[in-house]
Amino acid sequence: MRLRFAPSPTGQLHVGNARTALFNWLLARGQGGTFIVRIEDTDVERSTRESELAMLDDLRWMGLDWTEGVDVGGEHGPYRQSERLHIYRAHAIELMSKGHAYYCFCSAQQLEADRQAALGAGRPPQYVGRCRNIPRDESRRRVEAGEPAAIRFRVPDRQGREVVFHDLVRGEVRFAAEVIGDPLIVRSGGVPAYNFAVVVDDALMEITHVVRGEDHISNTPRQLLLYEAFGWQPPAFAHVSLVLGPDHAPLSKRHGATSVKEFRDRGFLPEALTNYLALIGWSPGEGQELVPLEELARRFRLEDVGHSAGVFDVEKLAWVNRHYLKASPPQRLVELAIPYLQRAGWVSNTSPDVVEFLTHVVPAAAMSVDRVEQVPARLSFVFDYAAARALDDNAIRVEAKGSRTVIDALAEELRTAPPLVDRETFRAAASRVKDRTGQKGKALFHPIRLALTGAAEGLELDIAVPAIERGALLRSTGITRIISARERAAAFAEGVAALEP
RNA sequence: GUCCCCAUCGUCCAGAGGCCUAGGACGCGGCCCUUUCAAGGCUGAAACCCGGGUUCGAAUCCCGGUGGGGACGCCA
């Protein structure tokens with residue numbers, strides 16, 4: 001079993017295409033087949049090497065791998081269409097000589113006019129066949145005289161003929177040959193057109209299963225006819241439904257993130273994205289949804305893929321992501337969070353003591369966010385505390401009954417207490433504040449939270465306060481100076497005292 | 001316009017003629033847990049597009065309609 005993913009390097013890898021790639025990979029992986037990556041860069045204007053590299057990078061990030069393809073080579077190479085031009089040329093000549101193809105001299109303007117006329121008359125806008133019956137020697141003469149010419153495939157037996165194929169996900173699909181206009185196979189510049197290049201490549205690369213988006217379903221009969229003209233055995237086809245946005249329109253920029261890169265940058269985990277993508281149009285069965293990649297591969301079957309388009313649901317992706325975040329070891333979470341903390345300006349190097357410190361705080365924050373990108377916001381209380389701002393933001397809350405006494409007692413207590421570097425020390429200090437003030441529960445902890453973290457909400461104080469204290473003790477210069485609990489309490493109490501009673 | 005594909009809760013999926021008073025998940029509401037937010041646990045509301053057949057019996061099969069999507073390119 002040989003499968004391929006063949007993107008056009010004209011931008012970022014779209015999640016819809018990523019899902020197609022994933023399905024191909026899952027099938028190859030699960031069935032012991034070969035997964036091949038080919039680059040379809042015959043659109044010279046839009047294709048870039050940068051995009052190609054980015055797509056390959058995204059595929060690898062997702063955890064997909066291939067042993068044959070554009071950057072790893074293989075015996076069916078080259079795997080970049082722009083490097084296979086001689087192959088297409090030879091095959092175009094073969095079709096011409098067999099009478100399956102002909103030169104077309106129609107100009108772009110002429111074709112456009114034909115199209116408009118057909119549409120206006122309520123006819124399908126297919127090629128009218130103007131050059132179909134130009135005698136061979138005449139067209140040769142015109143080509144030799146330098147007239148620009150494209151090459152078209154001559155659709156055989158157009159009247160009454162049906163092209164039928166068995167789609168592995170949809171079942172039998174049939175098209176009347178007469179709805180197929182003679183497709184262009186080589187452009188006037190000598191560059192092959194999509195429908196031609198894929199057929200030549202899939203055949204020569206011995207692809208056995210073509211799994212691609214539903215948007216290609218109506219290309220299939222044209223391609224089948226091409227296989228027939230060459231005398232080649234066609235591969236099996238499977239057309240998977242498309243991924244839509246919430247409004248049922250194809251997922252696009254206006255819906256938000258659409259590329260793998262964007263989800264990656266926002267702090268989604270690769271295993272979460274692949275797991276979620278596999279859930280659109282398919283189910284691992286037994287009511288299970290959180291299934292890792294290798295297990296997905298074991299269970300994946302084309303016959304089980306749904307027929308209807310699926311709406312991309314970022315909320316559900318986030319839920320899957322939370323699951324994998326919770327399953328990630330602390331060290332990985334730290335590694336993932338560092339770039340975001342650096343961007344926030346709080347971490348400038350990753351010396352061992354910085355990493356050690358982060359290992360104590362990042363995982364706790366990561367347990368209650370959707371994405372790694374949100375970790376810094378969840379940790380801002382550590383790095384970005386200012387008593388004045390804390391007061392401004394919470395002036396009303398400070399006025400709750402008993403708050404001032406707690407805040408004063410806290411400042412007083414911390415003046416002499418040792419740094420609250422662990423949960424027990426913090427609890428002991430809180431307990432003494434409780435004794436001093438007689439406040440307990442919410443009335444006790446809420447003011448403490450305000451004074452020490454500057455916010456009314458956040459991580460458990462048991463974790464937050466030791467994080468602050470450990471950070472304050474840190475001598476490393478790789479991290480923003482962290483203000484100690486003692487300093488916070490003192491400054492906050494001072495600020496409160498200055499308020500009108 | 002023509003052709004093709006599709007149609008179960010808001011969304012994703014289960015359901016392959018009786019097991020369906022239609023099941024699970026996300027999201028949403030409520031409750032619980034709790035020193036806060038989140039997380040977590042429990043719980044509730046929420047769907048077989050419409051109309052004809054076939055059948056003792058249809059979410060499941062057939063036909064039509066409607067709706068959505070795709071294609072008809074010297075884009076892929």
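Values below: all heavy atoms of this structure, side chains included; hydrogens, waters and symmetry mates excluded. Lettering of chains follows the sequences in order, A, B, ..., and the numbering in each one begins at 1. For clarity, every value in this text was computed on a predicted model and none was experimentally measured.
With RNA chain B read from its 5' end, the first of the two nearest nucleotides for A:F175 and A:G310 is the one closest to A:F175. Nearest-nucleotide assignment on RNA chain B puts the 5′-proximal partner with A:H446, out of A:S8 and A:H446.
Between A:F153 and A:F196, the gap from one ring centroid to the other reaches at least 6.0 Å.
At a threshold of 4.0 Å, the pair A:E228-A:R161 counts as salt-bridged, since one of the basic side-chain nitrogens sits closer than that to a carboxylate oxygen. Between A:R332 and A:E271, at least one side-chain N (NZ, or NE/NH1/NH2) sits under 4.0 Å from a carboxylate O, which counts as a salt bridge.
Remark: A:R142 is not positioned above the aromatic ring of A:Y103, lacking an NZ or CZ atom under 6.0 angstrom from the ring centre and at most 45 degrees off the axis.
Across all strands, A:E460 comes closer than 4.0 Å to base atoms (heavy-atom distances). In this structure, A:L444 reaches neither bases nor backbone, as no heavy-atom distance under 4.0 Å exists between it and the strands shown. Across all strands shown, A:K326 has heavy atoms under 4.0 Å from sugar-phosphate atoms exclusively, and none from any base. Among the heavy atoms of the strands lying under 4.0 Å from A:P250 are primed sugar atoms or P, OP1, OP2 only; no base atom is included. Residue A:H216 is in base contact, counting any heavy-atom pair closer than 4.0 Å across all strands shown. Heavy atoms of A:C104 sit nowhere under 4.0 angstrom from any nucleic acid atom. Residue A:R449 is in base contact, counting any heavy-atom pair closer than 4.0 Å across all strands shown. Note on A:R152: only backbone sugar-phosphate atoms sit closer than 4.0 angstrom, heavy atoms only; bases stay farther off.
Between A:T220 and A:R212, the side chains place a donor N or O and an acceptor N or O closer than 3.5 Å (distance only, hydrogens not considered).
Atom CD1 of A:I280 and atom P of B:C26 are 16 Å apart (whole Å). A:D462 has its CG atom 20 Å from the P atom of B:A39, to the nearest Å. Here B:C3 presents its C1' atom at 13 Å from CG of A:N219, a figure rounded to the nearest Å. Between the CZ atom of A:R222 and the C1' atom of B:A71 there is a distance of 7 Å, given to the nearest Å. Between the P atom of B:A76 and the CZ atom of A:R4 lies a distance of 14 Å, rounded to the nearest Å. What separates CG of A:D167 from P of B:C6 is a distance of 9 Å, to the nearest Å. Rounded to whole Å, atom C1' of B:C37 lies 16 Å from atom CE of A:M367. Following rounding to the nearest Å, A:E315 (CD) and B:C12 (P) show an atom-to-atom distance of 14 Å.
Pair check for B:A71 finds B:U2; Watson-Crick or G-U wobble, both atom distances under 3.5 Å. The partner of B:A47 cannot be assigned: no Watson-Crick or G-U wobble pair with both contacts below 3.5 Å exists in any strand. Across all strands shown, B:C42 forms a Watson-Crick or G-U wobble pair with B:G30, both key distances being under 3.5 Å. B:G23 and B:C13 make up a base pair, with Watson-Crick or G-U wobble contacts both under 3.5 Å. Base pairing of B:A7 is made with B:U66, judged by Watson-Crick or G-U wobble geometry with both donor-acceptor distances under 3.5 Å. Summarising the base pairing, B:U55 is matched to no nucleotide, lacking a Watson-Crick or G-U wobble pair whose two defining distances lie under 3.5 Å.
Taking atom P in both B:A47 and B:U21, one finds a spacing of 15 Å when rounded to whole Å.
Checking B:A38, B:C5, B:C72 against the side-chain heavy atoms of A:E214 singles out B:C5 as nearest. Comparing B:A38, B:A7, B:A39 against the side chain of A:R378 picks out B:A38 as the nearest. Counting only heavy atoms from C-beta on, A:F445 has its side chain closest to B:U35 among B:A76, B:U35, B:C72.
No side-chain heavy atom of A:E469 sits less than 4.5 Å from a side-chain heavy atom of A:T425.
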